[in-house]
There are 2 protein chains.
Amino acid sequence: MRELTPRQREIVLLIQEAIRNNGIPPTRAEIAGALKFRSVNAAEQHLRALERKGAIELLRGTSRGIRLKDAFREGSLRTMPGLPLVGRVAAGEPILAEEHIEARHRIDLDLFEAPPHFLLRVHGMSMKDAGILDGDLVAVHRTSEIRNRQIIVARLEDEVTVKRYRQEGHRVWLMPANAEFDPIEIDLREQQFTIEGVVVGVVRDSMRSR
Amino acid sequence: MRELTPRQREIVLLIQEAIRNNGIPPTRAEIAGALKFRSVNAAEQHLRALERKGAIELLRGTSRGIRLKDAFREGSLRTMPGLPLVGRVAAGEPILAEEHIEARHRIDLDLFEAPPHFLLRVHGMSMKDAGILDGDLVAVHRTSEIRNRQIIVARLEDEVTVKRYRQEGHRVWLMPANAEFDPIEIDLREQQFTIEGVVVGVVRDSMRSR
DNA sequence: ATACATACTGATAATATATACACATACGGT
DNA sequence: ACCGTATGTGTATATATTATCAGTATGTAT
């Protein structure tokens, strides 16, 4: 997609503003008015150019039929479908496969230190002492760069698990936060496991989960 | 604001859907078409009724000039300033006083069983075994109707505290979820305390809080 | 030198849309 | 019995809006 010209960016800004303020996109006449065009056709031509460049989509024969394409839409949160909530994950399938997505929830990303990419429902009490209970949702930031003592989401023989990470050389321990559970030891030279991400937050529906 | 009729709710739903799918509100004709009205005026009348009830705002002389009022806007997230985050509460002041509001955070309300009215930062580890750690945010639904064993936010001699509720006759215990803390006993005939609400959820920024 | 995108003015036709008016039925409250 | 609200049908019209045609001027790449 080619770059937008400054004037075209102004038009996009104007459309965003109209949607934010009035809930509806502007008409050609309103665009012309705002930018002091004497001709509505100037607005029309700009819209056509923006459509060619893929910034907007024009619905023909429709009043105010201007649709901002994703990249030009405002406020990530505002338009984002929301973080996918991943439930049980079937063996051999990617964690974010559509089948696993139970719902989507919108949450201010700045509630967390690092932006989460998805939510995962936790089963079992193995992380109880870390304040993660059965049924809780953990907010997960997808990354493979993790440090010791971080709580991570890992994949181990097709099971998804949430544990505290500890590595020494080629040996990795997945540490539960509950005395009733045993650590899982992994030898990186023999076994393979995948790190899906790091837990950046927890969301609990207190009344439902207990 | 009076309740909406089922038919009126359908109209609101339709408007939400149109905005979600097309980015623009529907015309009267589109509403009539979708609901199989033979007359566009049926749609007009519904819109007028919805405007009277405060669900929408109609921009006169404007095509697609339908604006959903906050409470009826989708996601509520989109427009809501967000749940107020309450930090330390000063003695003698209402919990939601402006001075206590550290920030506002937008969260899908349907993440929780009951809609939260505000977030409160928890200090201390007294609810550790209930998975509520120091620095966590609890989502609070303001109500005075609470049942035994629910985790509540109470006010006791100008201190705001989160504890599990237990009542027998005129005696109330505020139970910590941590063996290192003692229950607080209250005699309703002598002491007075205020119930600020019930905890409906927990939100934790894992990386910041530890 | 010529083609092509940008950035407009100005006018007009076609149609999309809002809105008013007349009328009908059903239902709940007074 | 009467009124107001909800839920429609049907017709008509003013106007809001899209869309097209005919130009002008400027810069940039070929």
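Note that the coordinates shown come from a computational prediction; the quantities given were computed from them, not determined experimentally. The chains referred to below are lettered A, B, ... by the order of the sequence lines, with proteins before strands, and numbering in each begins at 1.
- To the nearest angstrom, P of C:dC4 lies 19 Å from CZ of A:R48.
- Distances shown here put a side-chain N or O of B:Q8 below 4.0 Å from the OP1 or OP2 atom of D:dT7.
- Spacing between atom CD of A:E51 and atom C1' of D:dA19 amounts to 13 Å, rounded to whole angstrom units.
- Considering only the side chain of A:V40, D:dA19 comes nearest among C:dA7, D:dG8, D:dA19.
- In the interface, the side chain of B:N41 is paired with the base of D:dT9 through a donor and an acceptor atom under 3.5 Å apart.
- The side chain of B:E44 has C:dT19 as its nearest neighbour among C:dT19, C:dT9, D:dT7.
- Taking a 4.0 Å limit (strictly below) on heavy-atom distances, residues 24-35 of chain B does not reach DNA chain D anywhere.
- At D:dT7, one or more side-chain N or O atoms of B:T5 fall inside 4.0 Å of OP1 or OP2 (strictly under the cut-off).
- The A:A42 side chain lies nearest to C:dT9 when the options are D:dG8, C:dT9, C:dT17.
- Across the helix from C:dA1-D:dT30 to C:dT30-D:dA1, the helix axis at one end is tilted relative to the axis at the other end by 30° (nearest 10 degrees, each axis from five pairs).
- Between B:R38 and the phosphate of D:dG10, there is a side-chain N or O to OP1/OP2 separation shorter than 4.0 Å.
- Distances shown here put every side-chain N or O of B:S63 at or beyond 4.0 Å from the OP1 or OP2 atom of C:dA16.
- Taking 4.0 angstrom as the limit, B:R52 places a side-chain polar atom (N or O) nearer than this to OP1 or OP2 of D:dA6.
- Within the structure, a side-chain polar atom (N or O) of B:K53 is placed less than 4.0 Å from OP1 or OP2 of D:dA6.
- In terms of phosphate contacts, B:R60 brings no side-chain nitrogen or oxygen within less than 4.0 Å of OP1 or OP2 of C:dA18.
- As a whole-Å value, the separation of A:L59 CG from C:dT17 C1' is 16 Å.
- In terms of phosphate contacts, A:H46 brings a side-chain nitrogen or oxygen within less than 4.0 Å of OP1 or OP2 of C:dC8.
- Between the side chain of B:S39 and the base of D:dG10, a donor-acceptor pair under 3.5 Å is found.
- Checked by atom type and distance alone, the side chain of A:Q45 never pairs as donor or acceptor with a backbone atom of A:A42 at under 3.5 Å.
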